[in-house]
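Whatever order the structure lists them in is the order used to number ligands and atoms, beginning at 1. The chain is numbered in sequence order, starting from 1.
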Amino acid sequence: MSALAVHPVAGALGAEVSGVDLGKLDEATVAAIRRAWLEHLVVFFRDQDLSPAQFLAFARRFGEPIEYPFVKGLDDYPEIIPVLKLEHETINFGGIWHSDTAYLERPPMASMLIAREVPPAGGDTEFANMYLAYETLSPGMQRMLARLVAVNSSAAADVSRTREDRIKDSARAGAKKEYVAAHPVVRTHPETGRRALYVNVAHTVAFEGMTPEESAPLLQYLFRHQVRPDFTCRFRWRPGSIAMWDNRCAQHNAINDYQGHRRLMHRITLAGDLPQ
Ligand code: SIN
């Protein structure tokens with residue numbers, strides 16, 4: 001096993017993992033990375049010059065890559081989508097706090113990005129810890145939320161806008177107009193056994209059995225609470241940087257502060273289970 005080292009990047013979540021070449025992983029190193037990922041929710045790697053085939057092989061060490069519903073993947077690698085913003089575009093893909101595709105019945109366990117082209121400044125990604133978001137609620141609020149189910153839709157206006165540019169040039173054939181899934185507001189992580197808040201401002205439109213208007217006041221409170229700065233970390237990309245995050249207990253937000261510049265990442269998501 002190589003000299004793997006794990007350095008937390010913030011108090012809430014996130015760790016940089018060094019001393020590994022992700023193109024050449026042995027079983028012990030994969031197990032150590034998985035342990036660090038479960039503990040820190042998102043792990044970052046630097047200077048990993050992986051081809052699409054190597055990136056996919058790395059992803060397969062941790063789970064089963066799946067296709068994203070709305071945007072076509074690379075020609076030879078349908079599980080890898082380009083997360084691209086062109087110089088003249090003003091809205092970025094994923095520029096809203098969310099957990100990936102929470103509107104699917106089985107949302108992805110994990111997602112990973114490798115940076116291919118980064119703007120001279122800006123274009124960072126923020127992450128937030130949903131265990132902390134849950135654990136810092138009062139016992140009364142936790143008891144109430146434990147009984148609630150959230151309705152998640154792919155068609156909410158703010159998140160739909162963030163994929164419009166890519167749907168114009170790279171729409172995936174066969175995508176439904178809208179995906180909707182109901183999931184518990186508080187889910188239990190199948191590997192750590194910890195509880196996490198599982199609503200997000202991009203996809204959660206109501207509590208099951210309630211109207212959007214009735215749901216809005218409590219949802220708005222939770223959306224603000226769950227991304228408190230002390231629950232977050234922020235990652236500055238360089239070409240060859242990789243982030244791998246756990247969608248079951250973390251959210252992310254791509255910051256849109258690099259107008260006039262191009263940014264290209266490749267993204268893979270890994271199959272998940274039914275949130276419980
Ligand atoms: C995403 O939401 O998957 C994109 C995140 C990013 O581009 O930083």
Side-chain angles (χ1 to χ4, degrees), residues 9-10 13-14 16 37 41-46 48 55-56 59 62-63 65-74 77 79-87 89-104 107-128 130 152 154 156 158-167 170 172 179 200-204 226-227 232-259 261-272:
V9 301
L13 81 167
E16 195 161 315
W37 175 65
L41 291 64
V42 52
V43 284
F44 306 111
F45 305 89
R46 295 289 187 190
Q48 302 292 329
F55 186 40
L56 196 57
F62 294 90
I66 51 171
E67 291 183 37
Y68 175 66
F70 291 107
V71 177
K72 264 199 318 243
L74 303 183
Y77 305 96
E79 306 94 334
I80 303 181
I81 61 158
V83 171
L84 174 67
K85 182 172 180 242
L86 297 170
E87 290 84 339
E89 293 174 346
T90 55
I91 298 178
N92 63 334
F93 182 92
I96 184 169
W97 279 108
H98 63 287
S99 175
D100 281 329
T101 54
Y103 46 77
L104 297 180
M109 164 182 84
S111 303
M112 52 189 76
L113 284 178
I114 182 166
R116 301 296 189 194
E117 294 173 53
V118 301
D124 297 359
T125 305
E126 297 175 291
F127 297 86
M130 293 303 107
N152 297 280
S154 62
D158 288 345
V159 73
S160 298
R161 247 192 308 278
T162 74
R163 37 180 127 84
E164 268 167 16
D165 283 321
R166 288 297 66 77
I167 286 178
S170 319
R172 180 168 172 263
Y179 295 81
N200 74 80
V201 69
H203 305 133
T204 309
Q226 66 188 174
V227 296
T232 70
C233 71
R234 175 171 175 151
F235 187 59
R236 170 84 196 122
W237 297 96
R238 298 198 301 254
S241 301
I242 290 182
M244 175 167 83
W245 61 89
D246 189 334
N247 284 305
R248 301 166 294 186
C249 55
Q251 290 193 27
H252 59 287
N253 172 37
I255 300 175
N256 189 17
D257 62 348
Y258 53 101
Q259 302 302 355
H261 297 283
R262 183 183 156 99
R263 178 178 183 271
L264 173 65
M265 327 289 277
H266 283 168
R267 189 179 91 157
I268 298 176
T269 54
L270 300 180

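Listed by chain and number, the residues in a ring-ring contact (aromatic ring centres under 6.0 Å, His included) with W237 are F235 (sequence neighbours excluded). A search for side chain to side chain donor-acceptor pair (under 3.5 Å) contacts involving S241 returns R46, not counting sequence neighbours. Residues passing the side chain to side chain donor-acceptor pair (under 3.5 Å) test with N152, sequence neighbours excluded: T204.
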Task: Audit row: E117, R262, salt bridge (Lys or Arg N to Asp or Glu O under 4.0 Å) steps and yes/no - done: CA-CA 7 Å; E117 294 173 53; R262 183 183 156 99; 2.7 Å; yes
For ligand 1, output the ligand-protein N/O contacts shorter than 3.5 angstrom; if there are none, return none.
residue: ligand 1; atom: 2 (O); partner: H98; partner atom: NE2; Å: 3.1
residue: ligand 1; atom: 2 (O); partner: H252; partner atom: NE2; Å: 3.0
residue: ligand 1; atom: 3 (O); partner: R267; partner atom: NH1; Å: 2.8
residue: ligand 1; atom: 7 (O); partner: R263; partner atom: NH1; Å: 2.8
residue: ligand 1; atom: 7 (O); partner: R263; partner atom: NH2; Å: 3.4
residue: ligand 1; atom: 8 (O); partner: T125; partner atom: OG1; Å: 2.5
residue: ligand 1; atom: 8 (O); partner: R263; partner atom: NH2; Å: 2.8

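R172 forms no cation-pi arrangement with Y68, by the criterion of a distance under 6.0 Å to the ring centre and an angle within 45° of the ring axis.
Put simply, CD1 on I80 and CE on M265 are 13.5 Å apart, with the number rounded to the nearest 0.5 Å.
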